[in-house]
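Just below is one structure, and these are the notes that go with it.
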2 protein chains.
Amino acid sequence: MRRVTLEEVARVAGVSRATASRVVNGASTVDEALRHAVERAISSTGYLPNIAARSLVTRRADAIGLLLPDERRMLGDPHLASVVSGVTGVVRPLGVHLVLMMTGPGTREQALSDLRCGRLDGVILVHTYPSDPVPRQLIAEGLPVVLAGRPLDPMPITYVDVDQTAGAALAGRRLKSLRCGKIATITGPQDTPAGQDRLTGFMAEVPDAVVVHGDFTRQSGAAAMEQLLRCCPDVDGVFIASDLMANGAIPVLHRGGRKVPDDVAVVGFDDSTAALTSEPELTTVRQPISDMAAEMARQLLRQITKPRSPVTSVVFEPSLVVRESG
Amino acid sequence: MRRVTLEEVARVAGVSRATASRVVNGASTVDEALRHAVERAISSTGYLPNIAARSLVTRRADAIGLLLPDERRMLGDPHLASVVSGVTGVVRPLGVHLVLMMTGPGTREQALSDLRCGRLDGVILVHTYPSDPVPRQLIAEGLPVVLAGRPLDPMPITYVDVDQTAGAALAGRRLKSLRCGKIATITGPQDTPAGQDRLTGFMAEVPDAVVVHGDFTRQSGAAAMEQLLRCCPDVDGVFIASDLMANGAIPVLHRGGRKVPDDVAVVGFDDSTAALTSEPELTTVRQPISDMAAEMARQLLRQITKPRSPVTSVVFEPSLVVRESG
DNA sequence: GAAGGGCGTGAGAGCGCTCTCCCAATCCTG
DNA sequence: CAGGATTGGGAGAGCGCTCTCACGCCCTTC
């Protein structure tokens with residue numbers, strides 16, 4: 001079975017290859033009659049443009065990469081699906097492919113060379129770790145890139161994030177409005193912007209809060225809560241900097257004989273699926289992940305279309321989702 | 001900044017483009033001295049092959065698609081990440097891209113035309129719904145495709161699945177060995193092969209089990225458990241056909257005053273992350289999702305390399321993971 | 001009625017690569 | 001040492017598309 005080429009469509013329509021190409025690409029300078037002839041020829045032959053050939057001359061791959069952190073952390077990340085659907089929602093209608101890449105040995109390098117050899121038009125980088133060299137390399141080479149989340153060190157790069165500080169403040173205000181007297185927080189890792197901002201935002205609202213550190217994992221949430229109950233048994237309100245940690249912490253509270261929210265109110269962060277699998281369901285700070293992902297896609301597309309366009313990061317407003325836990 | 005071409009590498013190395021190409025593609029018939037010259041030229045110029053040009057002549061896109069079901073169901077699917085990592089693990093080292101596609105309006109058609117126009121070499125289809133026309137279209141056109149999970153209607157298509165029946169039997173045997181007297185099951189949707197097989201496999205082992213239907217969602221698990229407690233309050237062992245449903249069902253059990261596993265033993269299916277977020281943690285039937293995904297990738301790659309090769313489906317053995325719930 | 005300006009069309013030159021010839025050089029064999 | 005076999009390298013023809021450029025044609029405009 002042979003593939004139909006533009007040449008063939010042109011022959012059937014009785015026009016030149018150039019005109020057929022114009023119709024395929026929606027140029028406006030084609031006579032109505034000829035346009036119809038070409039369109040008929042396209043549908044009668046079942047023509048589909050060969051992307052490789054087009055790509056060769058336009059120097060666009062019409063594909064972008066989504067570079068995810070190492071597998072272990074990602075496997076538990078309930079955000080992933082929302083990110084993917086937000087990005088594809090923007091990108092698919094434009095015929096742009098979304099290529100998924102996980103950080104493994106050498107994979108970040110892979111993505112870089114895919115970008116350099118024109119196989120990918122740009123990448124969205126999720127969760128770069130501190131001191132990750134990739135973002136800097138990308139901006140140095142002028143390659144289109146958008147970061148999910150503000151980078152730890154300031155650099156001239158487009159990112160999309162939620163206002164973490166404001167979100168944590170929301171949580172603080174909620175606990176205060178619940179008339180909690182002894183308030184604590186379980187933090188995220190302090191070498192990440194999100195971890196830092198959620199702490200500072202919360203402390204600004206509740207300056208005398210007890211601070212226990214976690215690292216965003218479920219296990220660390222459980223461990224931190226054990227520590228908290230030991231050092232501060234009269235706590236009656238906790239802001240836990242991720243739903244996943246809250247998910248690990250709440251059973252510890254139960255085992256410690258506390259009822260949630262009656263004895264201890266709990267507010268999480270993320271509004272991930274973990275918020276719904278908790279018992280009771282989590283009051284949490286919502287990040288509009290899907291919208292943010294869509295915005296990342298739009299920003300990336302803009303950079304691809306207009307290279308070296310100015311850096312314009314976007315910060316979304318978080319909101320409080322009140323459920324049962326606090 | 002200009003891109004380096006093969007032509008340039010050849011000039012620097014003092015050979016023809018053909019020889020340079022041979023070195024790049026690892027042909028064995030190149031003299032050691034020349035090979036080294038070319039390799040030096042490649043690294044000194046920073047040459048990277050242009051994929052579009054290569055693709056144009058080899059007629060391979062070196063990209064495969066992962067076609068996922070509609071977003072709503074997928075968002076809650078904890079398997080996704082394992083599937084992705086299993087597939088990329090096989091496919092990336094070979095330089096093959098994984099393109100993620102979600103079923104939206106017209107997206108399945110998109111995937112088909114991507115396949116037809118050579119933009120994708122093959123697809124992995126996850127969760128086709130009953131009477132989905134896409135699998136048949138694909139096999140009719142001889143396009144490489146692998147199904148995740150046995151199709152409902154038998155058709156000559158390669159699929160990878162776990163032995164659902166055997167897995168459910170494992171669950172049944174576990175509950176019997178726990179000396180449960182009154183055993184029940186909450187099923188998956190009976191219009192899916194997994195839903196059917198998990199029921200029949202379980203019933204073969206526990207013929208007198210009480211049957212309540214669910215549809216694999218958390219909500220349906222909760223609803224089914226309420227129904228079960230009403231119609232059969234003395235139940236002391238339940239096989240729930242998905243961890244997600246078990247996740248919804250266990251709180252209902254608690255609210256009904258039953259302790260898990262003391263009063264009611266619970267066994268789930270999937271060994272998804274939902275099994276770990278349950279309280280207590282779920283005893284469940286494990287499907288080696290990541291291995292299965294890797295196998296799907298291998299099968300697909302084989303089909304791409306050797307078109308029209310015979311259909312060879314692979315069925316994996318499930319295993320029982322004993323945790324706290326039963 | 002001639003000159004000027006659009007506008008739509010076709011010819012053709014690539015884009016960067018692979019791969020099929022074909023030729024030259026080397027090797028073996030009798 | 002001649003003949004054939006074998007091997008490595010080069011020339012060049014595409015792969016299917018886009019896009020520039022130049023050429024008609026028709027519609028103005030004085």
Side-chain angles (χ1 to χ4, degrees), chain A residues 1-39 41-42 45-63 95 113-114 116-121 305, chain B residues 1-39 41-42 45-63 95 113-114 116-121 305:
Chain A
M1 115 186 175
R2 286 199 46 261
R3 292 279 317 290
V4 182
T5 72
L6 234 208
E7 189 75 56
E8 223 161 310
V9 171
R11 217 189 45 234
V12 171
V15 299
S16 72
R17 199 174 57 246
T19 299
S21 174
R22 286 187 189 103
V23 173
V24 169
N25 294 293
S28 56
T29 66
V30 180
D31 185 84
E32 264 322 277
L34 292 190
R35 149 168 288 124
H36 274 118
V38 172
E39 278 163 357
I42 287 174
T45 54
Y47 169 75
L48 282 173
N50 179 314
I51 305 296
R54 172 181 293 172
S55 197
L56 181 57
V57 25
T58 58
R59 349 221 72 193
R60 294 262 257 108
D62 281 329
S113 75
D114 277 338
R116 285 198 268 247
C117 78
R119 196 162 177 211
L120 250 31
D121 294 328
T305 321
Chain B
M1 116 183 177
R2 287 199 45 264
R3 291 278 318 289
V4 182
T5 72
L6 233 207
E7 189 74 56
E8 224 161 307
V9 170
R11 216 189 46 233
V12 171
V15 299
S16 74
R17 199 175 57 244
T19 300
S21 174
R22 285 192 259 267
V23 173
V24 170
N25 294 293
S28 57
T29 66
V30 180
D31 184 83
E32 261 325 272
L34 292 190
R35 149 167 288 122
H36 274 118
V38 172
E39 278 164 357
I42 286 174
T45 54
Y47 169 75
L48 281 174
N50 180 314
I51 306 295
R54 173 181 292 171
S55 196
L56 181 56
V57 24
T58 59
R59 348 221 75 196
R60 294 262 258 106
D62 281 328
S113 76
D114 277 337
R116 285 198 267 247
C117 78
R119 195 160 179 213
L120 250 31
D121 294 328
T305 321

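Chain naming here is simple, since letters A, B, ... match the order of the sequence lines and numbering starts at 1 in each.
The distance from atom CZ of A/Arg54 to atom C1' of D/dC15 is 16 Å, rounded to the nearest whole Å. Atom C1' of nucleotide D/dT18 and atom CG of B/Leu56 are separated by 12 Å, given to the nearest angstrom. A/Leu6 has its CG atom 15 Å from the C1' atom of C/dA11, to the nearest Å. Per the geometry, CD1 belonging to B/Ile51 stands 15 Å off C1' belonging to C/dC15, to the nearest Å. Rounded to whole Å, atom P of D/dA11 lies 10 Å from atom CD of B/Glu7. Spacing between atom NE2 of B/His36 and atom P of D/dG9 amounts to 14 Å, rounded to whole angstrom units. At whole-Å resolution of the value, CZ in B/Arg17 and C1' in D/dA11 are 9 Å apart. Between A/Asn50 atom CG and D/dC17 atom P the separation is 6 Å, expressed in whole Å.
As judged by a 4.0 angstrom heavy-atom cut-off over every strand, A/Leu34 is placed among residues touching the sugar-phosphate backbone only. A/Val24 comes within 4.0 angstrom of nothing in the nucleic acid, heavy atoms only.
Residues A/Ala18 and B/Ser21 each lie close to DNA chain C; by heavy-atom proximity, the contact nearer the 5' end of the strand is made by A/Ala18. When the nearest nucleotides of DNA chain C are assigned to B/Ala52 and A/Val15 by heavy-atom distance, the more 5′-ward of the two goes with A/Val15.
A sub-4.0 Å separation between OP1 or OP2 of D/dG9 and a side-chain N or O of B/Thr19 is absent. When the side-chain nitrogen and oxygen atoms of A/Asn25 are compared with OP1 and OP2 of D/dT18, one or more of them lie within a distance under 4.0 Å. The shortest distance between the side-chain N/O atoms of A/Thr58 and the OP1/OP2 oxygens of D/dT18 is not below 4.0 Å. OP1 or OP2 of C/dG16 has not a single side-chain nitrogen or oxygen of B/Thr5 nearer than 4.0 Å. Residue B/Ser16 has no polar side-chain atom (N or O) positioned under 4.0 Å from OP1 or OP2 of D/dG9. The phosphate of C/dG16 (OP1 or OP2) has a side-chain N or O of A/Arg59 nearer than 4.0 angstrom.
Closest heavy-atom contact between B/Leu56 and A/Ala53: CD1-CB, 3.5 Å. Pairing each heavy atom of B/Arg3 with each of B/Glu8, the nearest pair is O-OE1, 4.2 Å. In terms of heavy atoms, A/Gly26 sits closest to A/Arg35 at C-NH2, 4.5 Å. Here the closest heavy-atom approach between residue B/Ala61 and residue A/Arg119 is recorded as O-NH2, 3.8 Å.
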Worksheet entry | Full working for side-chain contact (heavy atoms from CB on, under 4.5 Å) between A/Thr19 and A/Val30 | CA-CA 7 Å; A/Thr19 299; A/Val30 180; 4.2 Å; yes
Practice prompt. Could you check B/Val4 against B/Leu48 for side-chain contact (heavy atoms from CB on, under 4.5 Å), going step by step and ending with a plain yes or no?
Written response: CA-CA 7 Å; B/Val4 182; B/Leu48 281 174; over 6 Å; no
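Here the side chain of B/Val30 is nearest to one of D/dG10, D/dG9, D/dG16, namely D/dG9. Minimum atom distance to the side chain of B/Asp31 is reached by D/dG9, of the listed C/dC17, D/dG9, D/dC17.
Between the base of D/dG10 and the side chain of B/Arg22 there is a donor-acceptor pair shorter than 3.5 Å.
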